[in-house]
Trainee: 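If you scroll down you'll find the structure; I have some questions about it.
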There are 2 protein chains.
Amino acid sequence: MTKQTKTATGRSRAEDIADRLREAIHAHRLTPGTKLSEDEVGGIFDVSRTTTRAALQLLAHEQLVSIEPNRGAFVASPSIREAREVFEARALLEPRTARSAAERATAADIALLREHIDAEHAAMREGDSGRALMLSGEFHIQIAKIADQDTIEDFIRQLISRSSLVIALYWRRQNALCESHAHDALIEALARGDGVAAEELMSSHLVDLLSLLDLRQTPPGSLSLKDALA
Amino acid sequence: MTKQTKTATGRSRAEDIADRLREAIHAHRLTPGTKLSEDEVGGIFDVSRTTTRAALQLLAHEQLVSIEPNRGAFVASPSIREAREVFEARALLEPRTARSAAERATAADIALLREHIDAEHAAMREGDSGRALMLSGEFHIQIAKIADQDTIEDFIRQLISRSSLVIALYWRRQNALCESHAHDALIEALARGDGVAAEELMSSHLVDLLSLLDLRQTPPGSLSLKDALA
DNA sequence: GAGAACAGGATTGTATACGAAATTAGCCGA
DNA sequence: TCGGCTAATTTCGTATACAATCCTGTTCTC
């Protein structure tokens, strides 16, 4: 059990661990400020610190965790400024991407999106806000995928990751992340192939999201451990 | 000489190495396809493979090098598709960023830009095309800096890095990278605080750049080793 | 003579080990 | 009782060591 004979999956173990951590962060099961000790993480996944370190470095480059020299790795807690920047960058990238998507979307793409949004609504009804948030993010990523621009998709993926942190810190009303139906409207525009409408809808959707954040002061007490007192 | 007692510079050794490699790539002293063996690189900088590995992983995440499992790290050679995507992403980000920059630029910013462009012209006159290219990239980064959006600046920085690879592979005429004066015009717009003009100039500058690439077929013989036959 | 199997060498993937830095706790003195 | 200094512990930064994989050159068989 402690020994691990097989090595090769073709995919590095570090990326697997990074994926698991990323997912936990997206679902808000790991909150900003949480310390990610190399020993601890390595123990959980039963790998050495070398591998753990590689995973953490990966996430650090995505700015999902911040590594402080000689102090360790923590789940990142974006400042107010960073929070604004993330949404400004999204406002720059996503509307035009939505337009491209509308111009390229196939029937299969639309079907997948509808399927996806059903899952979103289901999660919302069940009150599983963590899952709902994750699905909501994936919706944006799926649109980027349809636009078929890998590079931009990567950027958007990163921004959505960080948005998840921003929401964890600055969301105004904890419980109900409002059922805005913005995604439904977007799908309709995509289905019609109406690029201009899609661009406009995405743009205002992002403005809406931003307006639901409270970016006027330092984050509330959701920080863990001593970071709350630092 | 072989022992390295002092450890702490506050900045990790891996990042220093990554910087050095990045610079070499930007200046086209390392060309796409070149193998970056961990032993070799580690030997050059007199660090162990562990540190080398971290540096390479960093660059891999910027897509400046590609790491093939069990094969090693190579200077990335972007495909034609990637090349297009990089410039499409730049077209999405940089014009609006230039507009922001125009609206925020101080006299000091403008002075710095003028200084920078003088260096560009000097390098061009001396025929040092590697240096000229590097400075040209930094010019774009400086504009992003003026816009004061760290997140977007990071993206642009990445894209410019990759542009350097694209240019190494697909530039049409090897020797003269044409003196286009596009940067001069941009500075004038920024100095006037004319955001709309800056946005438009940046946009057409990028189109110009793209049009100087030959993206119709697989890259010429600048690939090294077996990658050329793969 | 050509193709396939095999052995040797080289290179990467991962783990363990050691040294340095920072935090924490304890102690002493004012 | 509280502030500052020192020692101990914890955790990170880097190097070294071992195992697995891939590449290359040779040899064996048909």
Side-chain angles (χ1 to χ4, degrees), chain A residues 1-21 33-61 65-76 223-230, chain B residues 1-21 33-61 65-76 223-230:
Chain A
M1 200 41 140
T2 66
K3 188 78 76 55
Q4 180 115 351
T5 328
K6 67 174 179 191
T7 311
T9 108
R11 173 180 178 73
S12 92
R13 197 102 176 74
E15 293 190 26
D16 287 340
I17 293 174
D19 286 346
R20 295 278 301 272
L21 288 174
T34 305
K35 169 151 183 143
L36 300 174
S37 153
E38 295 182 354
D39 270 329
E40 194 176 351
V41 176
I44 290 171
F45 292 105
D46 196 34
V47 294
S48 92
R49 275 183 47 229
T50 306
T51 304
T52 303
R53 201 178 172 67
L56 290 176
Q57 205 172 324
L58 227 77
L59 293 173
H61 202 277
V65 319
S66 73
I67 295 181
E68 301 177 29
N70 286 321
R71 299 242 6 248
F74 303 82
V75 178
L223 290 186
S224 83
L225 294 164
K226 60 190 61 91
D227 270 33
L229 327 173
Chain B
M1 203 42 142
T2 67
K3 187 80 74 55
Q4 181 114 354
T5 328
K6 68 174 178 191
T7 311
T9 108
R11 174 181 177 72
S12 94
R13 199 101 176 69
E15 293 190 26
D16 286 340
I17 294 174
D19 286 345
R20 295 279 301 272
L21 288 174
T34 305
K35 169 149 185 157
L36 301 173
S37 152
E38 296 181 356
D39 269 330
E40 194 175 351
V41 176
I44 290 170
F45 293 105
D46 195 34
V47 293
S48 94
R49 276 184 49 229
T50 306
T51 304
T52 303
R53 203 177 172 67
L56 291 175
Q57 205 171 324
L58 226 76
L59 294 173
H61 202 277
V65 320
S66 73
I67 295 181
E68 302 177 27
N70 287 320
R71 301 248 356 253
F74 304 82
V75 178
L223 288 186
S224 81
L225 294 165
K226 59 189 61 92
D227 270 32
L229 329 172

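Here is the naming used below: chain letters follow the sequence lines, and residue numbers restart at 1 for every chain.
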Trainee: Let me know the distance between CD1 of B:I17 and P of D:dG13, rounded to the nearest Å.
Mentor: 15 Å

Trainee: Could you please name the option among D:dC12, D:dA15, D:dA17 that lies closest to any side-chain atom of B:S48?
Mentor: D:dA15

Trainee: Between NZ of B:K35 and CZ of B:R71, what distance do you get to the nearest 0.5 Å?
Mentor: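 B:K35 atom NZ to B:R71 atom CZ measures 6.5 Å (nearest 0.5 Å).
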
Trainee: Counting the atoms with a prime plus P, OP1 and OP2 as sugar-phosphate, which does B:T50 contact under 4.0 Å by heavy atoms, base, sugar-phosphate, or nothing?
Mentor: base

Trainee: Rounded to whole Å, how long is the line connecting atom CZ of B:R49 with atom C1' of C:dA10?
Mentor: 11 Å

Trainee: With a cut-off of less than 4.0 Å, is there a side-chain N or O of A:R53 near OP1 or OP2 of D:dG13?
Mentor: yes

Trainee: Is any side-chain nitrogen or oxygen of A:R13 closer than 4.0 Å to OP1 or OP2 of C:dT14?
Mentor: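 No, outside the criterion.
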
Trainee: Rounded off to whole Å, could you give me the CG-to-C1' distance for the B:L36 and C:dT11 pair?
Mentor: 14 Å

Trainee: What is the separation between atom CZ on B:F45 and atom C1' on D:dA15, rounded to the nearest whole Å?
Mentor: 18 Å

Trainee: With rounding to the nearest 0.5 angstrom, report the CZ to CZ distance, B:R53 to A:R53.
Mentor: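 With rounding to 0.5 Å, CZ (B:R53) is 13.0 Å from CZ (A:R53).
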
Trainee: Could you check A:T51 against B:S37 and say which one's nearest nucleotide on DNA chain C is further toward the 5' end?
Mentor: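 Looking at DNA chain C, the more 5' nearest nucleotide goes with B:S37.
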
Trainee: A:E38 side chain: which of C:dG13, C:dA15, D:dC12 is closest?
Mentor: D:dC12

Trainee: Grab the CD-C1' distance between A:Q57 and D:dC12 for me, whole Å please.
Mentor: 13 Å

Trainee: Rounded to the nearest Å, what distance is computed from the CG atom of residue B:D39 to the P atom of nucleotide D:dC23?
Mentor: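 Roughly 17 Å, once rounded to whole Å.
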
Trainee: What's the spacing between A:T51 OG1 and A:E15 CD if we round to 0.5 Å?
Mentor: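 Between atom OG1 of A:T51 and atom CD of A:E15 there are 12.0 Å.
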
Trainee: Can you tell me the distance, in whole Å, between the CD1 atom of A:I67 and the P atom of C:dA21?
Mentor: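 Whole-Å distance recorded here is 19 Å.
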
Trainee: Report yes if the side chains of A:L21 and A:L56 come closer than 4.5 Å at any heavy-atom pair, otherwise no.
Mentor: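 Counting from C-beta outward, A:L21 and A:L56 do come under 4.5 Å.
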
Trainee: Mind calculating the distance between CD (B:E68) and C1' (D:dT21) to the nearest angstrom?
Mentor: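 After rounding, the reported distance stands at 14 Å.
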
Trainee: Show your reasoning for whether side-chain contact (heavy atoms from CB on, under 4.5 Å) applies to A:V75 and A:L59.
Mentor: CA-CA 9 Å; A:V75 178; A:L59 293 173; over 6 Å; no

Trainee: Measure from the side chain of A:N70, starting at C-beta and using heavy atoms only, and say which of D:dC18, D:dG13, C:dA15 lies closest.
Mentor: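 So the nucleotide nearest the side chain must be D:dG13.
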
Trainee: If you compare every side-chain N and O of B:R71 against the phosphate oxygens of D:dC23 (OP1, OP2), does one of them come in below 4.0 Å?
Mentor: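 Yes.
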
